[in-house]
Amino acid sequence: MSMLGQDKREESITLSGRESGRLASPDVRDEFGLETLDMNMGPQHPAMHGLLRLILELDGETVVRCDPVMGYLHRCQEKIAENRMYPAVIPLTDRLDYFANMHNEHGYVLAVEDLLDVEIPPRAEYIRVLMCELMRLASHIPSLGFLMLELGAFTPILYCFRERERIQTIFEAVTGARMMFHYIRIGGVKADLPPDIPQKIWDYLEGLEQRFQSDFVDLIQGNEIFISRTRGVGTMSQEKALEMGLTGPPLRCTGVDFDIRRDYPYSIYPELEFDVITDQAGDVEASYRVRIAEALQSIRLIKQCLEKMPEGEVMGDLGRRLRPAEGDGFGRVESPRGEFSVHVVSDGSDTPYRVHYRDPSFCNMQLLQEVIPGHYLPDIMPIMGLIDPVSGGWDK
Amino acid sequence: MAVTLPEGNLQSRLKSYLDGFNNQHGLEESAVENNVVRLVVPPEIVPAVLTMAREALGVLHLAFITVVDRQGSFELTYELLDLRGGIVRVKTTIEGEEPVIDTVTNIYPTANWHEREAYDMFGVAFKGHPDLRRTYMWQDHFDHHPLLKSFEISTRRTFEGLR
């Protein structure tokens, strides 16, 4: 490395990083002799989604600066993955975004299959999509409950977790686990559905559709307090949302029509019918409406999966010790929070050379720095509900 | 305000993308395959290529930046999506143990945290980045970059005995 390069490097780190990345605000007073107040929100805060510390600079009750500090749950999953064989990384991906475990597994498995170029039995593809859509229901419905809990309403989360509990019971019967499934494998899925499960899912969906309007729409949508706390809060334009790299409901609630399932199709999504839900307002209330409508679309997808599911094998024959050829594999799925991408680099051995996760929680949280300044302190929690981040996701 | 997403046939659009790239920049390698444009470029022109992708070709979304430690050099992959099925995948290699590359935060503001993460995990410095801090690791008294291959973990196992 030349001297010039060294200087450039030092300059770029010291000048831009250490000074602008201040953890405390400078002592600046306005014309009345008043200064802003620094406040730490978290890392342990009863309303916070997991372990996140927000450094806030307050002018009265208005937030002037919001600086998220991450890393309290960092396990360096990418480093651990480099030291394990390909199939042994799948249980780790369950621990990433623990409200979208199936999607994480699916994304990683797609990336490895991209390297291997294997044939997946059609029944396995249908089971994967069925499980992913059930997972989306089990993530979107509680996220409404979390949003309401942050606004001070305790009742909705009980209804939401009742639904999640029932979906988890289905997962337990299929995979043997309630959260950390390790169900989607390279080449297929672990096991076929138990014979009575399709009927159980049909029964559950029938009940959910009856309860949906009364428990999640009528209870929340017209509520005056809910509207006054969420309408116009966290508003952002489409340009801003795209600049910040948002995906998923936070992007779609501004009106940008983008869904990985439709625009970058994977698995059997091209064969299924569903609508991409958008809303124009781009605030917290819009994100709530998008999630409600997406949950209904998930029900539609689950029904199609159950109707169309073919008979047959669920696992391709791959052998035990996988050695993909050198190269890059990419997997990209639409998780409940947005685009979940995996980039796997292989060097021809039986362990990945590099695994990179693009987690939607991590990317969507850039919104905090941009959108929160100018809002009141109590608006922070509804805006967190707009993103609905998961600690295991942003901290990898 | 509404954003207009690119229109038109995907294949033809991608072909014209590639022509545009070829005419304006000294690329090392380029190919179109199944809606994916692969570009291998020298590190100096990465901001120029990304500017072109965003301004001229309407590729609006930077999905992620992957850094791979090739022990002696660093390989960076910029994955860009046009939100309508097209992917532009820009690869570059930085030589040396202490890598520096120009930031792309002025082109894709979302690169802010991706570059911070790359700096945290690999020590890749992004020149001109507005806020180059660590994302995950401790701010002070920690001089390591954990995803470097030289950073050994204690439970490293080999699988030589397994069949």
Side-chain angles (χ1 to χ4, degrees), chain A residues 1-2 5-6 8-13 16-18 20-21 23 69-71 74 76 78-80 82-85 237-239 241-247 254-258 263-265 320-321 328 330 332 339 341 343 345 350-351 353-354 356-358 362-363 365-366 369-370 395-396, chain B residues 1-3 5 35-36 60-69 75 77 79 81 83-85 87 89 95-100 103 108-114 116-117 119-121 125-139 146-147 149 151 153 155-157 159 162-163:
Chain A
M1 199 79 202
S2 67
Q6 286 278 5
K8 273 187 192 167
R9 183 188 154 81
E10 279 303 307
E11 196 184 303
S12 59
I13 296 168
S16 66
R18 302 217 170 101
S20 74
L23 293 182
V69 179
M70 294 163 289
H74 188 243
C76 219
E78 296 174 352
K79 185 78 177 178
I80 303 173
E82 284 174 13
N83 293 284
R84 286 177 168 232
M85 285 194 289
S237 66
Q238 295 188 355
E239 283 94 348
L242 279 168
E243 268 183 13
M244 291 184 291
L246 305 186
T247 46
T254 65
V256 179
D257 191 13
F258 173 55
D263 297 319
Y264 292 84
R320 188 166 167 204
R321 197 169 175 183
D328 300 56
F330 294 86
R332 175 173 288 113
E339 177 200 348
S341 293
H343 180 186
V345 180
D350 56 1
T351 56
Y353 190 75
R354 168 97 169 97
H356 181 68
Y357 302 114
R358 184 243 192 241
F362 176 74
C363 303
M365 276 216 314
Q366 297 198 43
Q369 278 180 327
E370 306 282 335
D395 270 350
K396 297 192 185 175
Chain B
M1 277 184 289
V3 169
L5 296 174
N35 305 337
V36 184
L60 291 174
H61 179 59
L62 172 72
F64 56 82
I65 302 172
T66 307
V67 187
V68 183
D69 177 13
E75 190 183 288
T77 308
E79 177 103 339
L81 308 184
L83 307 186
R84 285 292 173 267
I87 300 174
R89 197 168 282 157
E95 300 293 333
E97 293 290 315
E98 304 231 310
V100 186
T103 182
Y108 290 99
T110 178
N112 189 328
W113 284 20
H114 295 290
R116 275 178 64 187
E117 190 195 350
Y119 164 66
D120 188 10
M121 291 291 143
F126 291 89
K127 198 156 134 288
H129 190 285
D131 182 18
L132 197 63
R133 271 178 298 150
R134 287 171 174 270
T135 43
Y136 296 131
M137 295 290 131
W138 299 266
Q139 305 283 343
L147 279 179
K149 290 286 172 187
F151 189 89
I153 64 173
T155 55
R156 182 172 168 82
R157 277 160 283 181
F159 304 100
L162 188 70
R163 284 287 168 269

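Note that these values count all heavy atoms, side chains included, but never hydrogens, waters or copies made by symmetry. Each chain gets a letter, A, B and so on, in the order the sequences are listed, and its residues count up from 1.
Only the backbone of B:D69 comes within contact range of chain A, with heavy atoms under 4.5 Å apart. Interface remark: B:T103 contributes no atoms to any contact with chain A (heavy atom separation under 4.5 Å). Looking at A:M244, the atoms closer than 4.5 Å to chain B (heavy atoms on both sides) all sit in the backbone: N, CA, C or O. With a threshold of 4.5 angstrom between heavy atoms, A:Q369 approaches chain B through side-chain atoms but not through N, CA, C or O. For a residue to count as touching a neighbouring chain, one of its non-hydrogen atoms must lie under 4.5 Å from one of that chain's; by this rule B:R134 does not touch chain A.
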Please step through side chain to side chain contact (heavy atoms under 4.5 Å, CB included) for the pair A:R354 and B:T77, ending with a clear verdict.
-> CA-CA 12 Å; A:R354 168 97 169 97; B:T77 308; over 6 Å; no
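Distance CG/B:L60 to CD/A:E239: 9.5 Å, rounded to 0.5 Å. In this structure, CG on A:D328 lies 9.5 Å from CD on B:E79, to the nearest 0.5 angstrom. Remark: B:Y136 OH to A:H74 NE2 distance equals 5.5 Å, nearest 0.5 Å.
A:L242 has its side chain within reach of B:L83: a pair of non-hydrogen atoms, C-beta onward, lies under 4.5 Å apart. You'll find the side chain of A:E78 reaches within 4.5 Å of the side chain of B:E117, heavy atoms only. A:E339 has its side chain within reach of B:L81: a pair of non-hydrogen atoms, C-beta onward, lies under 4.5 Å apart. A:K79 is not listed as a side-chain neighbour of B:M121, based on a closest heavy-atom distance of 4.5 Å or more. Counting heavy atoms from C-beta outward, A:K396 and B:T135 have side chains that stay 4.5 Å or more apart.
Under the ring-ring contact (aromatic ring centres under 6.0 Å, His included) criterion, A:F330 pairs with A:H343, not counting sequence neighbours. Every residue two or more places apart in sequence or in another chain that forms a side-chain contact (heavy atoms from CB on, under 4.5 Å) with B:A111 is listed here: B:L62, B:I65, B:V104, B:T105, B:E115.
Note: B:R89 leads B:H114, B:M137, B:R89 in heavy-atom pairs under 4.5 Å with chain A.
Counting all heavy atoms, side chain and backbone alike, B:A63 lies closest to A:R358 at O-NE, 2.7 Å.
Counting only distance, with no hydrogens or angles, the side chain of A:Q366 and the backbone of B:T110 share a donor-acceptor pair below 3.5 Å.
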